[in-house]
Amino acid sequence: AIFLDGERVADVTTHPAFAGLLHDLCRMYDLQGAPENQDVMTWVSPTSGKRVSTNYPLPGNGAELQQRRLNAEKWALETWGLLSANPEFNGSTVVGLYDFRNELAAKNPTWGANAEAYVRYATEHDLFVAHTIQEPQAQRSELYPGQEIRAGSDLEIVEERAGGIVVRGARAFATMAPLANELFIF
């Protein structure tokens with residue numbers, strides 16, 4: 001659920017606080033699909049053979065890395081740099097997860113395989129992945145004697161299940177989360 005100023009937002013696509021941003025995102029996806037931008041904003045997936053977003057390729061050479069840079073530049077120029085946590089930005093995070101797959105596999109063999117599968121999934125479905133990295137602000141010092149530090153607000157894993165994890169707590173500052181397909185929690 002999305003809350004703004006204490007009120008639940010019923011539909012982020014029509015709410016005035018989100019509609020303009022959503023319009024710009026839609027415009028960027030339309031640009032991505034336009035024939036004149038095809039060579040910069042898309043590439044041919046080695047898995048499916050279809051054109052997919054340049055947000056997720058695993059660069060294998062200098063030319064492919066250059067295409068990623070040109071795609072990032074296109075996003076920045078078209079949005080005047082004001083849409084910084086865009087799908088292109090976190091595409092790099094997803095690719096970074098793939099680069100870290102061997103370290104994940106050393107901890108748990110399925111984690112490395114999951115990282116590889118997630119990159120393929122994000123690529124083929126052109127996901128918009130947002131992220132959150134900040135704990136809620138709380139009084140954590142001894143400067144104010146007698147004030148209790150509220151426990152339990154930081155996000156924590158409370159249960160591991162075969163299909164995933166159960167978490168409790170909160171994260172602050174989840175840029176673009178209301179409009180994203182998925183959310184990375186760091």
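In this chain, numbering begins with 1 at the start of the sequence shown. Source: prediction; values computed, not measured.
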message: For the CG atom on L4, are there more than 12 heavy atoms of other groups (residues, nucleotides or ligands in this structure) within a distance under 6.0 Å?
response: yes

message: Looking at R68 and N55, would you say the former's side chain and the latter's main chain have a donor-acceptor pair under 3.5 Å?
response: yes

- prompt: Are the side chain of W43 and the backbone N or O of S53 linked by a donor-acceptor pair below 3.5 Å?
  reply: yes

message: Around atom CD of E36, are there more than 12 heavy atoms from other residues, nucleotides or ligands closer than 6.0 Å?
response: yes

- prompt: Is a side-chain N or O of R51 found less than 3.5 angstrom from the main chain of T42, in a donor-acceptor match?
  reply: yes

field: For M176 against L25, the heavy-atom pair lying closest together
entry: CE-CD1, 4.0 Å

message: Looking at every heavy atom in both Y98 and E116, which two are closest together, and how far apart are they?
response: CE1-CG, 3.6 Å

message: Within this structure, what is the CD-CG distance for the pair E78 and L31, rounded to the nearest 0.5 Å?
response: 5.0 Å

message: With rounding to the nearest 0.5 angstrom, report the CG to OG1 distance, D126 to T54.
response: 9.5 Å

- prompt: Mind checking whether L21 and L179 have side chains closer than 4.5 Å, heavy atoms only?
  reply: yes

message: So, taking the atom named CG in L58 and the one named CG in D99, what distance separates them when rounded to the nearest 0.5 Å?
response: 7.0 Å

message: If you count every heavy atom of other residues, nucleotides or ligands that lies below 6.0 Å from E7 atom CD, does the total exceed 12?
response: no

- prompt: Under 3.5 Å, side chain of N37 to main-chain N/O of Q32, donor-acceptor pair present?
  reply: no

message: I want to check something: taking the side chain as every heavy atom from C-beta on, are L97 and L104 in contact at a cut-off of under 4.5 Å?
response: yes

task: Check whether any side-chain heavy atom of H131 sits under 4.5 Å from a side-chain heavy atom of T93, and report yes or no.
output: no

- prompt: Are the side chain of N90 and the backbone of V129 linked by a donor-acceptor contact shorter than 3.5 Å?
  reply: yes

query: Nearest 0.5 Å, what's the CG-CG distance between L70 and L65?
result: 10.0 Å

message: Under 4.5 Å between side-chain heavy atoms, counting indirect links through other Ile/Leu/Val/Met/Phe/Trp/Tyr residues: same cluster for V95 and W111 or not?
response: yes

- prompt: Do V40 and L83 belong to the same hydrophobic cluster, where Ile, Leu, Val, Met, Phe, Trp and Tyr are linked whenever their side-chain heavy atoms lie under 4.5 Å apart, directly or via other members?
  reply: yes

field: Polar side-chain atom of S45 near backbone of K50 as donor-acceptor pair, under 3.5 Å
entry: no

query: Are V12 and H15 close enough that some pair of their side-chain heavy atoms sits under 4.5 Å apart?
result: no

message: Checking E182 against Y121: is there a side-chain donor and acceptor pair closer than 3.5 Å?
response: no

- line: Scanning both residues in full, the closest heavy-atom pair of L183 with A177 reads CD1-CB, 4.1 Å

- request: Find the distance between CZ (R168) and CD (E159) and round it off to the nearest 0.5 Å.
  value: 11.5 Å

Test item: H125 side-chain N/O and L127 main-chain N/O as donor-acceptor pair under 3.5 Å: no

field: Whether K74 side chain and M28 backbone form a donor-acceptor pair below 3.5 Å
entry: no

field: Parallel, tilted or perpendicular, as decided by the 30° and 60° cut-offs, for the rings of Y29 and W75
entry: perpendicular

- prompt: Do you know which two heavy atoms are closest between V119 and Y56, and how far apart they sit?
  reply: CG1-O, 4.4 Å

